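Everything quoted here is computed from the prediction, not taken from an experiment. In this chain, residues are counted from 1 in sequence order.
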Amino acid sequence: MPERIQVLRTEIAAAAASAGRSVSDITLLAVSKAQPAEAVRTACAAGLTDFGESYLNEALGKLAALEDLPLTWHFIGRLQANKTRPIAERFQWVHGVDRLHIAERLAQQRPVHAPALNICLQVNLAGESSKGGVSPAELPALAAAVAALSRLRLRGLMCIPPPQSDPAGQRAWFAQLRQLRDGLNAAGAALDTLSMGMSADFPNAIREGSTIVRIGTALFGARPPSA
Ligand SMILES: *Cc1c(COP(=O)(O)O)cnc(C)c1O
C-alpha cells in the first residue's frame with residue numbers, strides 16, 4: 001500500500017499542476033470502509049492522516065482500536081437521525097449532511113469542549129433518487145441555516161456524481177459543484193472546501209477545484225464483496 005500511496009500522490013500532484021494549483025490545498029482522504037484497522041495503521045505509518053468511514057458500527061470499532069493514532073476521522077456515509085450522537089462525539093468531519101434536522105442534532109450533540117464539527121453539505125446534482133443530497137435549488141437556504149448553528153463549522157460542499165467515463169462529463173459535474181460553492185461565497189458564505197473525486201475520477205475533480213479527494217479502492221484495493 002505505501003507504493004499505492006506514492007502513485008496517488010504523484011497523480012494528485014500532476015492533476016494539481018495541470019490546473020495551476022498547489023498540492024498543499026488538496027487533502028487525500030483515505031476511505032477505509034470495509035478495510036481492517038491494520039490497513040489504517042499501515043496507511044498512517046506511510047503518512048496519511050485523514051480517514052473516511054461510511055458504516056457507523058464498523059467505524060466505531062475501528063476508531064476504538066486506533067485511539068493511539070493522531071488521525072482525523074471523516075464520516076462520509078448516509079446519516080440517520082437516530083444515529084447522529086456517536087458521529088457528533090467521535091468524528092471531526094461529516095460530509096453527507098443534506099437536511100437541517102440532521103445538522104441540528106449534530107450541533108446539539110457535539111461535546112462543548114470539542115472543536116466545532118466540520119460540515120460539508122451533500123448536493124444531489126443529478127437528482128438521483130438512489131443518493132442523498134440536497135437539491136441545488138434548496139442548497140442556499142440549507143447552507144444559511146447550517147452556518148448559523150453553533151458547535152458546527154460549515155466548510156463546504158460534497159457530491160457523488162453519476163458514474164461517467166468520459167473526462168468532459170466528469171468535469172461538468174465537478175464544475176457545477178464549484179459554481180454552487182462560488183455562488184454561496186459571493187452571497188456571503190465562507191466555504192473553503194469541495195469534497196469531490198473518488199478513485200475513478202479524482203484527477204478531473206482536482207482540475208475543477210476539489211480540496212478533498214475521497215479515495216478507497218485505488219488506495220486499499222478492492223473492498224470485500226460483503227461491504
Ligand atoms: C466508498 C466511497 C468513496 C470511495 O470510493 P472508491 O471508488 O473506492 O474510491 C468515496 N466517497 C464516498 C461517499 C464513498 O461512500
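Counting heavy atoms from C-beta outward, F220 and S199 have side chains that stay 4.5 Å or more apart. L154 places a side-chain heavy atom less than 4.5 Å from the side chain of L191. By the 4.5 Å heavy-atom criterion applied to side chains, E53 and W73 are counted as neighbours. Contact of the N124 side chain with the S135 side chain is not registered, since no non-hydrogen atoms from C-beta on lie closer than 4.5 Å. Two residues are said to be in side-chain contact when any heavy atoms from C-beta on lie closer than 4.5 Å; W173 and D201 fail this criterion. Side-chain contact between T211 and D192 is absent, with no heavy atoms from C-beta onward closer than 4.5 Å. The shortest side-chain heavy-atom distance between L106 and F91 does not fall under the 4.5 Å cut-off.
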Would V97 and L79 count as a side chain to side chain contact (heavy atoms under 4.5 Å, CB included) if you check the C-alpha gap in whole Å, the side-chain angles of each, and the deciding distance to 0.1 Å?
-> CA-CA 7 Å; V97 173; L79 291 151; 3.9 Å; yes
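Annotation for Q35 and R223: closest pair NE2-CG, 3.8 Å, computed over non-hydrogen atoms. Contact record, L152 with A103: CD1-O, 3.4 Å, taken as the closest heavy-atom pair. Summarising the geometry of L66 relative to A37, their closest heavy-atom pair is CD2-O, 3.7 Å, with the distance given to 0.1 Å. The shortest non-hydrogen separation linking L71 to F51 is CD2-CE1, 3.6 Å. Counting all heavy atoms, side chain and backbone alike, T217 lies closest to A222 at CG2-CA, 3.9 Å. Between L29 and G52, the shortest heavy-atom distance links the atoms CD1-N, 3.5 Å.
Distance check, rounded to the nearest 0.5 Å: CD1 of I26 to CG of L194 gives 11.0 Å. Once rounded to the nearest 0.5 Å, the distance linking CG of L157 with CZ of R181 reads 8.0 Å. The NZ atom of K33 lies 10.5 Å from the NZ atom of K62; values are rounded to the nearest 0.5 Å. Atom CE of M198 is separated from atom CD1 of I160 by 6.0 Å, given to the nearest 0.5 angstrom. Taking CE from M158 and CH2 from W93, the interatomic distance works out to 12.0 Å, rounded to the nearest 0.5 Å. For the atom pair OG1 (T84) and CD (Q108), the distance works out to 8.5 Å, reported to the nearest 0.5 Å.
Between H74 and H95, the angle of the ring planes lies from 30° to 60°, which puts this pair in the tilted group.
Hydrophobic clustering (ILVMFWY, side-chain heavy atoms < 4.5 Å, transitive): F75 and I119 are in one cluster. Residues L177 and I215 are members of one and the same hydrophobic cluster, defined by side-chain heavy-atom contacts under 4.5 angstrom among Ile, Leu, Val, Met, Phe, Trp and Tyr. The hydrophobic clustering, which links ILVMFWY residues whose side-chain heavy atoms are closer than 4.5 Å, places I76 and L48 apart. In the hydrophobic cluster analysis, where Ile, Leu, Val, Met, Phe, Trp and Tyr join through side-chain heavy atoms closer than 4.5 angstrom, L100 is grouped together with V123. The same ILVMFWY cluster, assembled from side-chain heavy atoms under 4.5 Å apart, contains both M1 and L28.
The backbone N or O of N118 lies less than 3.5 Å from no partner atom in the side chain of R155, so there is not a single donor-acceptor pair.
Using a cut-off of 4.0 Å between Lys/Arg side-chain N and Asp/Glu carboxylate O, E11 and R4 are scored as not salt-bridged. Between K131 and D98 there is no salt bridge, since no side-chain nitrogen of the basic residue lies less than 4.0 Å from a carboxylate oxygen of the acidic one.
If you run side chain to side chain contact (heavy atoms under 4.5 Å, CB included) between T27 and each of I12, D50, T49, only D50 comes through.
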